[in-house]
Number of protein chains: 2
Amino acid sequence: MSQNGVGVDLETSLGYLLKEASSALRVAMEEVLRPLGMSVTHYSCLELLAQRPGLSNSELARGAFVTRQSMNVLLQALERDGYVTRPAEAPVGKVLPARLTSRGRRSLEKATVAVRSVEVRMLAGMTEAEQSDAFRILQSMIHSLRDGDDGA
Amino acid sequence: MSQNGVGVDLETSLGYLLKEASSALRVAMEEVLRPLGMSVTHYSCLELLAQRPGLSNSELARGAFVTRQSMNVLLQALERDGYVTRPAEAPVGKVLPARLTSRGRRSLEKATVAVRSVEVRMLAGMTEAEQSDAFRILQSMIHSLRDGDDGA
DNA sequence: CAATGTATGTCAGAATTCTGACATGAGTCA
DNA sequence: TGACTCATGTCAGAATTCTGACATACATTG
């Protein structure tokens, strides 16, 4: 069989390369977060709450790209361990706004530094222009992928 | 708190955008593969075997970005269902080269077409130049991330 | 107002993936 | 040859994430 007939061709597929890059990023993040006793999802949740206090469980799930059920499991653990608080009753509707405790904020500080270093390493060797190219291109991909979900 | 102090800033983070794009791709792939009764990992394994017949379990795992234990679970299922064959004894060492059966090849055909359409959709609106930019940039990210794993 | 649609939080169980561990085979090197 | 290192296949159990389901609350619409 030749190199490629109708197939996707892993060597030249941007989709495969995207997955590869994402996997490398995840591995690198896990590596620096492990010494802090924190998983990537764990970190994502805390970082989201730091930047957008009061996010609900469902909103956190969307932000971390997991289901709201998975995020709920995580949130309950974080709440139990005192990193996050949620009011006992919803101020409006059923939505429970979550917030970091001071302990949660403290725990996040080191993680943020660690993850930031990974991102810096990832961008090493890229020019400013390449970085803005990457930004624009990735956004284009996301937009195109989500376009055809139901509309067309 | 202001928009950003020492944090990563989700709105402008290339790392976050990378994860977002990868997630969108995965969702889109799941969407077109579900009607075929196939998961993304399932498809990845078959596609890898189609393009590189004789890959071992460990090699497949690396190619699909999962552990060799996870791939082994999948491979055993694929073998049981007749999509893949492995010799009972290793021709050399412990490595068992896996190959698609004709059933596996048939099953993969439709999936490849479906996944190809997703990739085409993802690249819609991007020029040739942007696609080669994306290729080069993603490879740079992967290289930079893997560099610092142990060496430096 | 009533009905419908959409979104949320949460429980339960299944499926997937992972970490840890072990034995085996190949390659390296003294 | 023998000791050592490394990679592989695989088993077992834990952790994570998912799918399905339900009740509830808000928004829209007739």
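Proteins get letters first, then strands, A, B, ... in listed order; numbering begins at 1 in each. Everything numeric here is computed off the predicted structure, so don't read it as measured data.
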query: Val84(A), Leu96(A): one ILVMFWY side-chain cluster at the under-4.5 Å cut-off?
result: no
field: Under 3.5 Å: donor-acceptor pair, side chain of Ser144(B), backbone of Met141(B)
entry: no
- prompt: Hey, does the side chain of Thr67(B) come within less than 4.0 Å of dT17(C)'s phosphate (OP1/OP2), counting only N and O?
  reply: no
message: Applying ring pair (Phe, Tyr, Trp, His ring centres under 6.0 Å) as the test, list every pair that has at least one member in residues 106-140 of chain A; sequence neighbours left out.
response: none
- request: Report the distance from atom CG of Leu60(A) to atom P of dT17(D), rounded to the nearest whole Å.
  value: 14 Å
statement: Met71(B) CE to dG9(D) C1', in whole Å, measures 14 Å
query: In whole angstroms, how far is the P atom of dT8(D) from the CG atom of Leu75(B)?
result: 14 Å
- request: Produce a footprint string for nucleotides 1-15 of chain C: one letter per nucleotide, 5' end first; B if the base is under 4.0 Å from any protein heavy atom, S if only the sugar-phosphate is, - if neither.
  value: -------BBBB----
field: d(CZ, Arg26(A); P, dT17(C)) in whole Å
entry: 13 Å
- prompt: Closer to the 5' end of DNA chain D via nearest nucleotide, is it Thr41(A) or Gly93(A)?
  reply: Thr41(A)
Below 3.5 Å, can you tabulate the donor-acceptor pairs from side chains in residues 54-68 of chain A to any protein atom, sequence neighbours excluded?
{"unit_1": "Ser56(A)", "atom_1": "OG", "unit_2": "Glu59(A)", "atom_2": "N", "d": "3.2"}
{"unit_1": "Ser56(A)", "atom_1": "OG", "unit_2": "Glu59(A)", "atom_2": "OE1", "d": "3.2"}
{"unit_1": "Asn57(A)", "atom_1": "OD1", "unit_2": "Asn72(A)", "atom_2": "N", "d": "3.3"}
{"unit_1": "Asn57(A)", "atom_1": "ND2", "unit_2": "Arg68(A)", "atom_2": "O", "d": "3.2"}
{"unit_1": "Glu59(A)", "atom_1": "OE1", "unit_2": "Ser56(A)", "atom_2": "N", "d": "2.8"}
{"unit_1": "Thr67(A)", "atom_1": "OG1", "unit_2": "Ser70(A)", "atom_2": "N", "d": "3.2"}
{"unit_1": "Thr67(A)", "atom_1": "OG1", "unit_2": "Ser70(A)", "atom_2": "OG", "d": "3.1"}

task: Before giving the answer on side chain to side chain contact (heavy atoms under 4.5 Å, CB included), spell out for Leu138(B) and Glu20(A) the whole-Å C-alpha distance, their side-chain angles and the decisive distance to 0.1 Å.
output: CA-CA 9 Å; Leu138(B) 286 173; Glu20(A) 194 170 355; over 6 Å; no
Phosphate OP1/OP2 of dT16(D) contacted by Ser70(A) side-chain N/O (<4.0 Å): no
message: Could you tell me how far apart Leu78(A) (CG) and dT16(D) (C1') are, to the nearest whole angstrom?
response: 14 Å
- request: Can you see which heavy atom on Ser39(A) is nearest to which on Leu33(A), and at what distance?
  value: O-CD1, 3.9 Å
